[in-house]
Amino acid sequence: GSLRRNWGGDIFQFCQILHSNLKVFHGRVNFDENIRVVDELRGLVSAKGTSCEGRFYEIPMDASQILNDPNRALGFMEQAVDDAADWGAEIVGLGSMTGIVGSHGQHLADRGPIAITTGNSLTVFSAYQNLLRACELTGINLGQESIAIVGIPGSIGAALAKLLTPVCKELICVARTASSRAKQLAAELGCELLTSIPDALKTARIVLSATSSGDCIDQNWLLPGSLVIDVAVPTDVIDSRVMRDDVLVLTGGMLLTPETMSRESMFIGFNHGMVPSCFGETMLLALENRRECFSVGRNLSIEGVLEIGSVAIEHGFDFSKLSSMGVPVDGQQISRFKKAVNRSRETKLLAGRSRRESLSCEGSVPLQNGHASHSQNGHATNSQNGHASHSQNGHETFSQNGNSAHTPFPSAIRPRVGGLEFSGHRPDGKNGANGHSHHLLDCNPVKQTLQDAATPTDLSRLAADQYQRYINPVLVALGKSSGFLKTFVRGDGCCLWDDAGNQYLDFVAGFGSLNLGHNHPAISNAVQSAMTSQAPGFAQAAVNPYAAALADRLVSCSPVGLEMVSFSNSGAESIEAAIKLVRIVSDRSRILYCHGSYHGKTLGALSITGNRKFQKPFSPLIDGMDAVEFGDSERLADALKSRKYAAFFVEPIQCEGGMHVPPRGYLNEVETICRETNTLFVLDEIQTGLGRTGELFCADHFGISPDIMTLAKSLGGGMIPCGAMLCRSQLWMKAYGSVENFALHSSTFAGGSLAMAAGLATLDVLEQGDLIENCQRRSEQLRAGLDDLASRNDLIAEVRGQGLLIGIEFNPLPTKIVRHFAAQDPTGVSHFLAPQALDAIRNLAPIYVMQTLLDEFGIYTQIARSMPSVLRVQPPLCVNESQIDSFLNALEKCCDEFSFSNRITDSMIAKSTVGKLDKKSPATS
Ligand code: PLP
């Protein structure tokens, strides 16, 4: 029972339990006190494809017995080595305590007959990697930290001290006694030597501990925000669980075996492939066919540590998984730690305590040298501790290594020593066509020292971790499992770049928010110039000239009759403004909308979004909303003649709903029916507006004049959130045109200067440039190519849309194939558990095409969430001819490939039992 309870937990503790359980049987089952083989290791295949096999020996002594009677332990170890050699082993690895006795493997190495390793070099490498990973996750900058190494002058402690001295602020060596070896090492490294652990822990919050005695660190001695990497076996940190939220105690020296390795053996399968590094080192030497003694003796070579570490990475071993007290660390633990540290920092800052005691976790106040700089315009500048530096205009800019902490980058990618760095834009503020100055993913200098995995995947892993932990775990998990998850770090025009520097064509364009493309220079210049001219941030109940100017421009370019503007920060907020407006002006409270529509996800907007899947979990929604068929003017007329609806909300093209274009003349009929029934006509141009369909507004194709029009998405130029609701002035006056009512509808950030500057520049670009003409030309090219492809490939059911707002509907997978998949689960349980599974199978084609376009052709598309048989194609309006050609060629290849595999699968099924059953008995269908 205790073995089963401990399965998957701390492997060292498990070994002890295993051992003591076996001792219980001793006598009863005639169990000799002898060495035993406790596990066979088979299928040890590395990511490089090399393989080895082995076995695990146990000697009948536990850790303290080994330390108390090393000679007896050595006797058992000699027996095990001889037995292994007889079995055919060519190398023996010693684990934990057995690696200490006999002069750290030297005795056995000298004795022969086969090579010996203590595994200590990889343990050091692994502990170091664990430290780096923990710092990465918690935002700790080693360059600012004091580190205590407990267990000097032990071989692991000494090697760690040598590795860490160059990268930390200060290193403290902690030895049991001030032996001459300990003193010599401290002097060599220029470090302080202490013999009291509590004293060391008063200064250092990073602790690496590798004593042979164990149980020497009381958790109460640790500073808040401490990070302990406990490499010792038995552990140095007292207690079998972490007692505080504000410290992180990690089991140092564990690593994850490659996925190619079989997990059948107990010691590998025990914790889903996490094993101690000493074991890892033995496997590596075997995989490399190196029959040489390694990590033997007291002095480990740093070159050896780095070399075995890089070999481990080549073979697919992974050091990024952290364990605490032997059990994997989850994201929650890291979040709790960061929060606890932040809280204690705040308390300390309030109490005015010293720098020494305050913490510099990323996200907390990063401090530098304690200098305060004074602002030019005489604002108060001195911080409590004198650490804050103030910018010219008096803003607090706590800086770290000279970099402003107020950067637009998330904390993890904020430029910092030891972090990942992004270079800025071109100094002239202009962005070259798809050719910005290169964003550097500077490697961590600490990691460069180690020549290890200093790859850009560091960024994507960190970002994915944080995204998974703090924003959306399901999205990341799904993305990871499908391989669809990308970390885009840069965008320019129609292109995106991931963190590995791969370029992608963006055919999603922020679902219509990037009509101008990524980082259009005119928008960044406008925003930057608003900033340099010190445009007011937000000033409510006052006149903002930027907002006034944008309102004026919007009114002049929008359909006839729209004369008033309410700004907002998103599409849904524009819709809310419209819902409220129609309710306040009308004595009818009901609203009519369309099945399949999408107007946003705030409660009001959701209430008129015709998708039950989005609505149902939040019901009851706002009362009085009814839906009618989209594109059917007769039904609309029927519904509206009841005269119970204040307004009819409609999109000119249903984008999210599956790119449905209504029949020609529908919108004109809507306008007429609304007028006749005295119903307000609300046109949602949030996605179709601002050039997307080949006119400034989709309404312009039909010459219609709605009573209310909503905008957002590209109004912010792809840079700043910005939305607007435009309406007839008499509506606004009726609603808000009184002293009591004029402030009834507002939003703090709506109409902010930067958003307005972006909006003005957007209209300039659309009205003065040739983006809209380009949209028309590229749309013709795209449609011609797609229609041609659809005529040749029966995978495509329909191509529809307008301008560069296109949907490709795919035919469902043939029923026979769907049935074949369904037949894999005769109980039907999987479909009960995942009701959408069959739908997903039916819509395999667009999913396959979307993924292949991304993975093989670097083209980013999305499927319509409300209609997953439709692939959405909506590149920025600046897309060029060859980019459209690339898309068409890639799409054709994907479709051909999928059709081909469909035919093969179909004929395989026809020849299989399922196919035969199918023919014989219709009942099986
Ligand atoms: N209306 C339409 C037509 C949309 O396409 C969207 C978003 O896709 C919205 C409203 C909601 O906009 P937001 O996501 O900015 O709230």
Side-chain angles (χ1 to χ4, degrees), residues 471-472 475 507-515 566-582 591 593-611 613-615 618 621-622 625 627 630-631 647-662 667 670 681-693 697-699 706 708-726 747 749-750 752 755 758-759 762 801-807 861-867 870 872-874 876:
I471 301 178
N472 196 328
L475 177 111
F507 270 51
V508 177
F511 293 129
S513 359
L514 290 160
N515 288 0
S566 293
F567 287 111
S568 69
N569 303 289
S570 70
E573 220 186 89
S574 302
I575 294 286
E576 295 295 330
I579 295 176
K580 286 173 73 183
L581 182 67
V582 303
I591 288 176
Y593 65 98
C594 288
H595 291 298
S597 61
Y598 185 84
H599 296 288
K601 289 184 181 161
T602 52
L603 210 60
L606 190 61
S607 306
I608 56 167
T609 282
N611 183 332
K613 208 172 69 193
F614 291 152
Q615 287 185 325
F618 301 99
L621 298 175
I622 296 178
M625 314 296 198
F630 177 67
F648 174 55
F649 279 69
V650 67
E651 299 154 85
I653 294 173
Q654 285 192 336
C655 313
E656 174 62 35
M659 289 299 172
H660 295 291
V661 183
L667 289 172
V670 169
F681 172 20
V682 185
L683 192 66
D684 181 347
E685 288 253 26
I686 287 168
Q687 190 154 172
T688 49
L690 301 161
R692 175 55 56 187
T693 63
F697 300 108
C698 196
I708 297 172
M709 185 170 90
T710 49
L711 294 177
K713 301 225 184 226
S714 279
L715 188 57
M719 270 187 201
I720 312 233
C722 180
M725 178 204 66
L726 281 73
S747 171
F749 294 134
T762 302
Q802 188 153 17
L804 287 174
L805 190 58
I806 301 293
T861 54
Q862 284 282 308
I863 49 178
R865 238 158 277 159
S866 304
M867 193 173 183
V870 173
R872 298 174 66 155
V873 182
Q874 44 186 129

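In each ligand, atom 1 is the first atom listed, and ligand 1 is the first ligand listed.
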From the candidates Cys722, Cys655, Gly571, Ser574, the one that places a heavy atom nearest atom 15 (O) of ligand 1: Gly571

Within-cut-off N or O pair, Glu573 and ligand 1, under 3.5 Å: no

Ligand 1 contact on Tyr598 by region, counting heavy-atom pairs under 4.0 Å: both

Exercise: do Thr688 and Glu685 side chains pair donor with acceptor under 3.5 Å: yes

For the student: nearest non-hydrogen atoms of Ala755 and Pro721, plus distance: CB-O, 3.6 Å

Heavy-atom protein neighbour under 4.0 angstrom from atom 13 (P) of ligand 1: yes

Protein residue, atom and distance nearest to atom 1 (N) of ligand 1, heavy-atom basis: Asp684 OD2, 2.7 Å

Side chain, backbone, both or neither: Lys713 near ligand 1, heavy atoms under 4.0 Å: side chain

Candidate pair Leu606 and Phe614, rule side-chain contact (heavy atoms from CB on, under 4.5 Å), full reasoning: CA-CA 7 Å; Leu606 190 61; Phe614 291 152; 3.8 Å; yes

Donor-acceptor pair, side chain of Ser714 and main chain of Gly717, under 3.5 angstrom: no

Residues, nucleotides or ligands: over 12 heavy atoms within 6.0 Å of Phe511 CZ: yes

Side-chain donor/acceptor of Gln654 to backbone N/O of Met659, under 3.5 Å: no

For atom 5 (O) of ligand 1, closest protein heavy-atom neighbour: Gln687 NE2, 2.7 Å

Closest heavy-atom pair and its distance - Val661, Phe630: C-CE2, 4.4 Å

Closest protein heavy atom to atom 16 (O) of ligand 1, given as residue, atom name and distance to 0.1 Å: Ala572 N, 2.8 Å

Glu656 to ligand 1, any heavy atom closer than 4.0 Å: no

